[in-house]
S.K.: 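Sharing a structure with you now.
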Amino acid sequence: MNLEELAEEFLEFLDESESTAILTGAGVSTASGIPDFRGPQGLYKKLPQYIFDLDFFLSQPAEYYKIAADRIHNLFNKEPNATHRLLAMLEKKGMIEGVITQNIDGLHQKAGSKKVIELHGNAQKFFCMSCGKRYTAEDVLKMLEVSDVPKCTCGGLIKPDVVFFGEALPESAMAEAYILSENAELFITMGSSLVVYPAAHLPTFAKQKGAKLLIINQGETGLDYIADKKYECDLAEFSERIISLLGEV
Ligand SMILES: [Zn+2]
């Protein structure tokens, strides 16, 4: 099938479904200039994988911030792409229930999505590990101009509100994600290689509960073998195509 036919079929699937859940991964944001982790240009090719180990952060916060401040937390000049815009549009039209995301870039919200379940946190949010006071990326980047480590007014260490290796996923986000998955008639994954658990368990769970599973990704995923349909395509181009189809309706 060509892109045009895939786009038309995608909209038919959405029409037939009373409840559709979306799971997005790094592949959705690469077109916005945000590198994924495991791809050919991925962060793990340039950065040591321990950068996201909790122990590393706690023992060497200055080193963490030196590496991550610009690469991970400075997102002010990043803009949503066609896929973010499409998902915001579909939510507004009542065609999807919401977006579950593995991404930490906040671009779904920037595009206008309201229901966004962030499984791995948000790189633009920070909090004090001692008193819980919250800080923005703007606050923290400013502190880093004058200090190696951002410290709270109480003296506590400020940590990004992202899930590090060695930490559990936020319980409330996971619970919401499972409810969305359980109720879904159609579960669509976009731009996720579906190898990072427990996020990758959601499509399996949705399917066990009766959902149809559509996987859209450039490249193989860990769950291709259980997908009802797999679209192998460039996500931004695919999304552009659907946006223009929706515009014609
Ligand atoms: Zn504090």
Side-chain angles (χ1 to χ4, degrees), residues 23-26 28-29 32-37 42-44 46-80 84 88 98-180 196-199 202:
L23 172 69
T24 64
V28 160
S29 289
S32 293
I34 293 173
D36 59 9
F37 290 95
L43 277 179
Y44 288 152
K46 295 169 196 144
L47 299 180
Q49 191 154 352
Y50 63 70
I51 178 86
F52 287 117
D53 283 348
L54 184 62
D55 288 342
F56 172 68
F57 175 77
L58 294 176
S59 61
Q60 299 181 60
E63 198 58 27
Y64 170 83
Y65 277 110
K66 196 168 126 194
I67 299 172
D70 253 358
R71 289 184 170 103
I72 313 285
H73 298 291
N74 190 342
L75 296 163
F76 299 107
N77 60 354
K78 303 295 185 195
E79 294 301 329
H84 299 107
V99 177
I100 305 164
T101 188
Q102 297 171 277
N103 298 340
I104 57 174
D105 53 43
L107 290 180
H108 285 301
Q109 293 91 328
K110 205 168 179 181
S113 282
K114 298 284 182 259
K115 178 150 184 161
V116 181
I117 301 170
E118 293 176 315
L119 296 179
H120 297 158
N122 187 317
Q124 293 195 291
K125 295 178 182 169
F126 296 79
F127 66 93
C128 168
M129 295 189 78
S130 302
C131 75
K133 185 172 174 189
R134 306 202 61 92
Y135 292 89
T136 65
E138 217 168 1
D139 299 332
V140 169
L141 292 176
K142 235 178 233 158
M143 292 178 200
L144 288 171
E145 287 172 11
V146 292
S147 158
D148 287 350
V149 176
K151 288 276 175 68
C152 179
T153 44
C154 82
L157 172 62
I158 295 176
K159 178 188 177 293
D161 197 358
V162 300
V163 179
F164 283 61
F165 293 115
E167 287 188 296
L169 266 54
E171 262 178 51
S172 58
M174 273 318 273
E176 272 191 88
Y178 270 104
I179 291 171
L180 215 59
V196 179
Y197 282 81
L202 293 167

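We count ligands from 1, going down the list as the structure has it; atoms in each ligand are counted the same way. Along the sequence shown, residues are numbered consecutively beginning with 1. All values below were derived from every heavy atom in this structure, side-chain atoms included, with hydrogens, water molecules and symmetry-related copies excluded.
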S.K.: With a 3.5 Å cut-off and sequence neighbours excluded, list the donor-acceptor pairs that the side chains of residues 116-128 form with protein atoms.
M.R.:
{"from": "E118", "atom 1": "OE2", "to": "Q109", "atom 2": "NE2", "distance (Å)": "3.0"}
{"from": "E118", "atom 1": "OE2", "to": "N122", "atom 2": "ND2", "distance (Å)": "3.0"}
{"from": "H120", "atom 1": "ND1", "to": "Q102", "atom 2": "O", "distance (Å)": "3.1"}
{"from": "N122", "atom 1": "OD1", "to": "Q124", "atom 2": "N", "distance (Å)": "2.8"}

S.K.: Does the K110 side chain pair with the main chain of D105, one donor and one acceptor, at a distance under 3.5 Å?
M.R.: no
S.K.: Does a donor on one side chain sit under 3.5 Å from an acceptor on the other, for T24 and H108?
M.R.: yes
S.K.: Side-chain atoms of residues 142-164: list all donor-acceptor pairs with protein atoms under 3.5 Å, sequence neighbours left out, distances to 0.1 Å.
M.R.:
{"from": "S147", "atom 1": "OG", "to": "V149", "atom 2": "N", "distance (Å)": "3.2"}
{"from": "S147", "atom 1": "OG", "to": "V149", "atom 2": "O", "distance (Å)": "2.8"}
{"from": "K159", "atom 1": "NZ", "to": "V162", "atom 2": "O", "distance (Å)": "3.0"}
{"from": "K159", "atom 1": "NZ", "to": "E167", "atom 2": "OE1", "distance (Å)": "3.2"}
{"from": "D161", "atom 1": "OD2", "to": "R134", "atom 2": "NH2", "distance (Å)": "2.5"}

S.K.: Near the Zn ion (ligand 1), which protein N/O/S atoms fall under 2.8 Å?
M.R.: C128 SG, C131 SG, C152 SG, C154 SG
S.K.: Output a table of donor-acceptor pairs, distance under 3.5 Å, between side-chain atoms of residues 54-63 and any protein atom two or more places apart or on a different chain; print 'none' if there are none.
M.R.:
{"from": "S59", "atom 1": "OG", "to": "D55", "atom 2": "O", "distance (Å)": "2.8"}
{"from": "S59", "atom 1": "OG", "to": "F56", "atom 2": "O", "distance (Å)": "3.4"}

S.K.: With rounding to the nearest 0.5 Å, note down the distance linking OG1 in T101 to CG in L23.
M.R.: 7.0 Å
